[in-house]
2 protein chains.
Amino acid sequence: MAQTQHGNAPIPASGAWTPDQPAGNRRFHRFATTRPFSLEGGGQLSDVTTAYETWGELDAAASNAVLVCHAWTGDSHAAGPAGPGHPTPGWWEGLIGAGKPIDTDRYFVVCANVLGGCQGTTGPASPDPSDGRPYALRFPVVTIRDMVRAQALLADSLGITRWRAVVGGSMGGMQVLEWGVMFPQRVGAIVPIATCVEASAQQIAWGSIGRRALLMDPKWNDGDYYGADDDEGPWHGLAVARMIAQVTFRTDNKFSERFGRRLANKNFHDDGLDLLSKFEVEGYLDHHGDRLVRRFDANSYLYIGKAMDLHDVGRGRGGVARAMSRITAPSLTIGISSDILYPAYQQETIHAHITNGDARNRYVEIESDEGHDGFLIATQQVGAELSAFLSGPG
Amino acid sequence: MAQTQHGNAPIPASGAWTPDQPAGNRRFHRFATTRPFSLEGGGQLSDVTTAYETWGELDAAASNAVLVCHAWTGDSHAAGPAGPGHPTPGWWEGLIGAGKPIDTDRYFVVCANVLGGCQGTTGPASPDPSDGRPYALRFPVVTIRDMVRAQALLADSLGITRWRAVVGGSMGGMQVLEWGVMFPQRVGAIVPIATCVEASAQQIAWGSIGRRALLMDPKWNDGDYYGADDDEGPWHGLAVARMIAQVTFRTDNKFSERFGRRLANKNFHDDGLDLLSKFEVEGYLDHHGDRLVRRFDANSYLYIGKAMDLHDVGRGRGGVARAMSRITAPSLTIGISSDILYPAYQQETIHAHITNGDARNRYVEIESDEGHDGFLIATQQVGAELSAFLSGPG
């Protein structure tokens, strides 16, 4: 099993632009700040690097920038082809590009890897400046608010005082809501998709069981596995955690349609059956678990999962309703009808709490049987709503 | 952590009644057969012991016997107080007893621990007669049909040629359906609750992830952990498997209502927060995981889980519809409105496939937000339907 990519390149000078691989209108940069960065949970990082990609051109007034926020195991590669460090095309390829709903002929689109991540932004796999060794569990707990404040520093460095829109699904949608609440003047519109104002007990339960599975893997070694050989990391634990998540991302219907009860390699009556023989759906889960292991750092998985569990826009702000009342931007809230992880009622709750009276506020429930992953898969329906919303006055 | 109870008492003589602890109308017996018992999957057991409990008295015509079938981690203790070997009262205490829906003044009620179990019936923890050591993974794969055939042997030994009714929820309901299909002449009525004609891909997915977590525990040791000290069994793996199941047994609503977002021992802003601090719902899951570990054998968990995944009344019978057409008994099928694991549509499928034309066939969806566990918790609603159904002609 291949080892997780967790090496960060050397940190460039504070605030510097460092285009690693210019390719047409697509750019890949790192932005670093060496000012101490204080975290909501009480910790501090003495320097922070943010890896991000951009598409399109920022206009002279810096008024056409759209921030796209990624989900749990996503990264900055929201659009563009597969390539070094990106085994697959962009995760929102259907939505971002020339003439697409997030139109790169019109907008300057930015997507940054989150704080705590492992695709170039500072996270538990990054070297701790105190000794140059990976932080591992010395990394402080980060929250969605910390991720957003890191993105705000990036916006400052790009000269963007106000986003035309901030858009994202799942954990990306949590960031969208925090942008609306923390920086009302800096967002022209918000599009939270398949997300929530606060993680529910069931969401916490799923996340926590995945973490417990990962922690149980002896090769996790209290988070200190970075020097390990390819076969010596907590890959089994990470795979089990991912498999749990993968079921919650999809639906009963889709699984039945796609896999039914087919056995992977056997026929019950012809071959007999042993305890460990598998159904096709089990092979699918193995595949998803193993695929994540090849590209994601196990400790990042823990820290980002914890950040989602801690997501609560009302914390320290007198509750959800008061927090959400800070949102001044017009909003498009999108739910997926079959989502079992972030059910449509949570999207209705978001919409109900946006009380700025803007006539453009809108809630749409998309009919799709793709489950939570509908926000990544049902791009035509999501895109149609997004186009209509963004083409209005911003 | 306490060790799983997995010792079986010595096997009594074939077919003998062995009342271990007579207490009023409640009896606790073991029944053993030393004839070879061939299994659907191709294996064979050279002897089988079935542990069971009974309540009430069998009438002279042996016409008043009701078989209650237990679920995954249940056992024969469907009713009665806690006691040695039974840390809790019966799991259907609200339904079984004098004057209760399954009225022990009227019926002779039988509940047997399933084949592959660990509460007295032969399972992977039982001694393999070839060397006296626990079978562990040498135990053959068992199916729901094998469990039912073991129960049929028990019925023979009790002189019961026909059950007045066979009743059960979840995996118990799978046995109910197989009784109806395999032995139409031996069942006077069937009551499948919160179950299915065949395990769906999503159900298989959940079961399989739990098993993978258990197999990942190094202390599982390829199933060979029976000589281990209390602290040396695969208790962490079993606990994680159970935690996954526990979430699927309940509902988003119930979790939110009961736990919300309360932290177990901390306050975010007062105490700071570390990666491993817990929400209350996490403590609840830990509790459920650890409680199962104290009473259940990890290998039994694997084998019984596999039996559920393999459940398919249509296998080798020309499909589900043809198999279900063998059912002649009147049926009461019960679904729980909020069940996410065995959704109501699966109960409608059962009901739709019972084509014997009996006017007493009935499907009821119980309104309850307890989720799958509603079959254990909503005993008043289940009981009312059961009473009405059983009081009709049988």
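Chain naming here is simple, since letters A, B, ... match the order of the sequence lines and numbering starts at 1 in each.
Interface remark: B:Tyr345 contributes side-chain atoms only to the contact with chain A (heavy atom separation under 4.5 Å). With a 4.5 angstrom heavy-atom cutoff, B:Phe279 touches chain A only via side-chain atoms. In this structure, no portion of A:Leu39 lies under 4.5 Å from any heavy atom of chain B. Using a 4.5 Å cut-off between heavy atoms, A:Ile244 contacts chain B through both its backbone and its side chain. Contacts between A:Asp286 and chain B at a heavy-atom distance below 4.5 Å involve backbone atoms as well as side-chain atoms. At a 4.5 Å heavy-atom cutoff, A:Arg262 makes no contact with chain B through either its backbone or its side chain. In this structure, chain A has heavy atoms under 4.5 Å from both the backbone and the side chain of B:Leu302. For B:Arg258, no part sits under 4.5 Å from any heavy atom of chain A, backbone or side chain.
Your options are A:Pro140, A:Ser200, A:Ala201, and the one with the most heavy-atom pairs under 4.5 Å with chain B is A:Ala201. Counting heavy-atom pairs under 4.5 Å between each of B:Ile340, B:Asp309, B:Asp217 and chain A puts B:Asp309 at the top. Contact count versus chain B (heavy atoms, under 4.5 Å) is highest, among A:Pro343, A:Ala199, A:Ser256, for A:Ala199. Ranked by heavy-atom pairs under 4.5 Å with chain B, the list A:Tyr303, A:Trp206, A:Phe259 is led by A:Trp206.
Within 6.0 Å of atom CZ in B:Arg138, more than 12 heavy atoms from other residues, nucleotides or ligands are found, so the atom counts as buried in its surroundings.
Between the CG atom of B:Leu310 and the CZ atom of A:Arg261 there is a distance of 7.0 Å, given to the nearest 0.5 Å. Note that CE of A:Met243 and CZ of B:Arg212 are 5.0 Å apart. Values are rounded to the nearest 0.5 Å.
Here the closest heavy-atom approach between residue A:Gln202 and residue B:Thr251 is recorded as NE2-C, 4.0 Å. Residue B:Met216 comes nearest to A:Ala213 through the heavy atom pair CE-O, 3.1 Å, listed as atom of the first residue, atom of the second, then distance.
Side-chain contact between A:Val281 and B:Ser208 is absent, with no heavy-atom pair separated by less than 4.5 Å.
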